[in-house]
Amino acid sequence: MEAFQLLSRGGARFDKKRFQKDVSLFSKKPAKSGPVEKLLDGELPGELDYFKYAAGGSGKRKADSEGTAKALKKRKVEEEEEDQDMEEEEEADDTPSRPRQRVVTKGSNIPSHADTFHELVERYQLSSLLLSNLTTYGYTQPTGIQSYGIPILLQSRDLAAISPTGTGKTLSYLLPIMSSLGAPSSSANSDAGSGVRAIVIAPTRELAHQIHNECLKLAQGRKWRIVLFSKATAGTLADKATRDKVDIIISTPLRLVASLRSGGVELNNVRHLILDEADRMLDSEFFPQVEEILAACSHPNLQKAVFSATLPAGAEKMAMQMLKDPIRVVVGLKDTPLPLISQSLTYVADDPSKLPSLLTYLAQPYNPPVLIFTSSQPRATSLAQELVLNGVSNVDCLHAGMTKKEREDAVSRMRKGESWVMVSTEVMARGMDFKGIREVINYDFPTSVQSYVHRIGRTGRAGREGKAVTYFTDDDAPFLKAIANVLLQSGSTVPEWILKLPKPSKLKRRQMGKVKRAEIVNPARKVGRSDAIKKRDMVAGSKRRVVRETNTNIMAE
DNA sequence: AAAAAAC
């Protein structure tokens with residue numbers, strides 16, 4: 001472990017030079033690439049190109065344009081069938097600099113959207129200080145979710161907001177909260193009551209921390225007390241007088257519940273409750289905690305809002321039951337990544353073949369920083385170690401099994417651009433906004449469509465381009481098709497044979513789901529490309545039956 | 001459908 005840390009720090013200088021050279025190489029001929037890169041970019045080697053074995057196939061990977069069109073058409077029909085009395089659809093965001101995003105709103109008496117932040121000054125008395133803070137931090141024009149969501153929240157309505165990753169959801173709820181807070185709780189403010197008035201809940205510490213930072217930026221120049229809840233901060237709020245001066249709390253659910261139980265915080269004055277990453281907060285692990293928080297927010301004028309890029313039907317139902325006369329805003333297509341992210345699927349046969357493939361990939365010019373997702377903490381640790389031992393420089397690791405300090409350090413290195421390769425678990429999948437991330441690699445296959453969408457959403461943020469590569473093995477076959485449909489829907493290409501895979505039975509899924517993955521081991525420590533990709537029967541059991549799917553499962557939930 | 005994350 002020590003050796004690992006030493007190695008991951010050392011060698012940086014040498015490799016920085018190499019990296020700079022690589023970048024210039026890369027920018028000279030961006031599209032042209034050697035056979036290896038092509039292979040790793042989602043293309044199957046000739047002998048493994050199952051596309052050509054598929055009925056009616058014509059050789060190489062190509063866009064299944066017919067499938068895409070069909071998928072989109074089906075999707076459109078589904079949306080239209082939701083025909084409810086108050087539904088509106090319009091093209092938002094007419095600025096030529098940004099792609100148009102379709103916005104669908106549903107609910108009663110929907111406030112009209114705001115095309116500029118300045119509009120909010122007249123309509124909702126947004127303070128000039130908040131407006132100037134927006135300008136200071138480069139928020140010039142509201143995104144789709146901001147222009148629709150902010151007026152809704154400013155009119156004290158409950159909101160379910162679904163907008164793709166990296167489209168500015170955080171600001172959409174922070175700005176209205178701050179606008180309605182008015183004077184700080186500590187001052188003589190007759191409306192304020194006593195005690196915390198707004199709460200934001202997020203599923204990981206890192207995300208809560210990031211939201212807190214955003215909040216502080218926006219609040220500059222005002223004396224609001226904005227507290228990021230942790231063991232330490234909870235301690236300082238021991239006496240009620242101090243507690244009553246707090247305006248906003250940002251916390252993970254369990255931390256807040258713990259304080260609630262110990263009497264360290266009271267939520268009876270909370271006017272705004274935000275669930276970020278709502279589908280995650282409503283899943284079976286978190287929901288009991290959220291319920292407890294909800295029950296403690298006893299103020300009659302409690303406004304509730306949920307935000308996410310994904311909201312499966314079950315979670316949406318729960319959310320709608322929780323909200324009062326809610327307005328639902330969907331930007332783009334639900335559960336779909338941004339089209340700016342170019343996605344590909346890479347076949348790697350089996351688990352032992354992954355590491356050689358990744359090493360080959362990282363030995364070539366690539367765009368750092370790269371974020372790599374694994375399925376478990378031990379696998380994240382051992383992959384990071386393997387990478388370091390194989391000479392990859394500036395490797396970092398981040399998972400929830402690490403200490404708070406280790407996690408904080410890893411994030412800060414990431415923010416400073418010091419880590420080029422970050423190996424992580426699902427903890428990094430949601431909400432984290434590292435602006436520089438150019439590439440996401442799903443080393444282990446994501447276990448749900450939602451996980452996939454959030455993971456790859458770490459790149460391509462705020463209008464930037466991004467790239468996402470997903471490794472899959474024979475064991476991942478049961479879940480391959482659902483993910484392939486996501487690629488299709490967001491405009492990426494998928495080999496046709498994958499689309500022709502039958503939907504696996506529940507039993508099969510369960511059996512294959514039980515396949516345990518060991519830690520990453522590389523006995524030889526030097527493996528050539530021929531070993532990296534083994535010739536193998538693809539997706540045993542499913543290629544035999546190529547069934548024409550009548551029910552194209554677009555939204556696998 | 002399943003691991004990770006939350007204290």
Side-chain angles (χ1 to χ4, degrees), chain A residues 199-211 228-235 249-265 275-293 310 312-315 351 372-381 383 397-404 406-407 410-411 423-432 442-452 454-455 458 475-483 503-519 553 555-557:
Chain A
I199 290 184
V200 179
I201 307 287
T204 63
R205 274 186 216 153
E206 282 76 14
L207 183 52
H209 195 274
Q210 179 181 290
I211 295 165
L228 173 64
F229 239 39
S230 67
K231 260 190 194 126
T233 47
I249 286 178
I250 298 154
S251 179
T252 52
L254 200 56
R255 177 64 260 175
L256 189 55
V257 166
S259 293
L260 212 49
R261 287 180 182 168
S262 71
V265 68
L275 301 187
D276 205 346
E277 306 298 343
D279 50 341
R280 180 76 179 87
M281 307 308 302
L282 296 171
D283 77 15
S284 55
E285 281 82 6
F286 272 128
F287 186 59
Q289 300 161 26
V290 172
E291 261 187 320
E292 207 170 326
I293 293 165
T310 56
D351 195 54
I372 301 177
F373 284 102
T374 61
S375 59
S376 73
Q377 294 179 9
R379 281 177 65 81
T381 309
L383 177 58
C397 183
L398 177 45
H399 59 68
M402 291 159 51
T403 66
K404 195 172 173 235
E406 288 171 331
R407 286 169 71 167
V411 170
V423 184
S424 187
T425 61
E426 213 58 25
V427 73
M428 281 289 102
R430 283 174 178 262
M432 295 310 294
N442 287 315
Y443 188 84
D444 291 332
F445 206 74
T447 54
S448 71
V449 166
Q450 286 74 31
S451 164
Y452 177 76
H454 285 280
R455 282 178 176 194
R458 293 321 97 210
D475 292 339
D476 301 316
F479 311 101
L480 184 56
K481 190 171 180 175
I483 303 297
K503 206 175 167 184
S505 70
K506 281 220 168 104
L507 182 71
K508 185 101 194 162
R509 267 181 168 152
R510 212 167 294 138
Q511 284 169 349
M512 305 203 77
K514 287 216 174 100
V515 177
K516 276 266 178 287
R517 284 194 188 116
E519 287 185 21
N553 186 12
M555 283 287 87
E557 283 181 345

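Throughout, a chain's letter reflects where its sequence line sits, starting with A, and its residues are numbered from 1.
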Query raised in the report: Does A:Asp283 reach the main-chain N or O of A:Phe286 with its side chain, forming a donor-acceptor pair under 3.5 Å?
Result: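 Such a contact is found between A:Asp283 side chain and A:Phe286 backbone.
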Protein-nucleotide distance ([X], atom [atom1]; [N], atom [atom2]), rounded to Å:
X: A:His209; N: B:dA6; atom1: NE2; atom2: P; result: 13 Å
X: A:Met432; N: B:dA5; atom1: CE; atom2: P; result: 13 Å
X: A:Gln450; N: B:dA5; atom1: CD; atom2: P; result: 18 Å
X: A:Asp476; N: B:dA2; atom1: CG; atom2: C1'; result: 13 Å
X: A:Tyr452; N: B:dA4; atom1: OH; atom2: P; result: 21 Å
X: A:Arg205; N: B:dA6; atom1: CZ; atom2: P; result: 5 Å
X: A:Ile293; N: B:dC7; atom1: CD1; atom2: P; result: 11 Å
X: A:Lys404; N: B:dA5; atom1: NZ; atom2: C1'; result: 16 Å

N/O (side chain, [X]) to phosphate O (OP1/OP2, [N]) under 4.0 Å:
X: A:Arg261; N: B:dC7; result: no
X: A:Arg280; N: B:dA3; result: no
X: A:Ser451; N: B:dA3; result: no
X: A:Thr252; N: B:dC7; result: yes

Given [options], the nucleotide with the shortest approach to the side chain of [X]:
X: A:Gln377; options: B:dA1, B:dC7, B:dA4; answer: B:dA4
X: A:Ser376; options: B:dA4, B:dC7, B:dA5; answer: B:dA4
X: A:Asp283; options: B:dA1, B:dA4, B:dA6; answer: B:dA4

Query raised in the report: Going through the checks in order, is the side-chain contact (heavy atoms from CB on, under 4.5 Å) test met by A:His454 and A:Arg280?
Result: CA-CA 11 Å; A:His454 285 280; A:Arg280 180 76 179 87; over 6 Å; no
**Report entry** Side chain to side chain, A:Asp475 and A:Phe445, heavy atoms closer than 4.5 Å
**Finding:**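 In short, these two side chains do not touch, never coming nearer than 4.5 Å.
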Query raised in the report: Quick one: are A:Leu398 and A:Glu206 in side-chain contact, heavy atoms under 4.5 Å?
Result: yes
Query raised in the report: Hey, does A:Arg430 reach any base, or is it just sugar-phosphate, or nothing, if we go heavy atoms under 4.0 Å?
Result: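 Nothing, no heavy atom under 4.0 Å.
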Report task. Classify the nucleic acid contact of A:Pro253 as base, sugar-phosphate or nothing, counting any heavy atom under 4.0 Å across all strands shown. Result ->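 Touches nothing.
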Requested in this report: Indicate, yes or no, whether a donor-acceptor pair under 3.5 Å links the base of B:dA4 to the side chain of A:Glu285.
Outcome: yes
Query - Presence of donor-acceptor pair under 3.5 Å, side chain of A:Arg255 and base of B:dA5 - result: no
Requested in this report: State which residue, out of A:Leu275, A:Leu207, A:Ile211, fulfils the side-chain contact (heavy atoms from CB on, under 4.5 Å) condition with A:Val200.
Outcome: A:Ile211
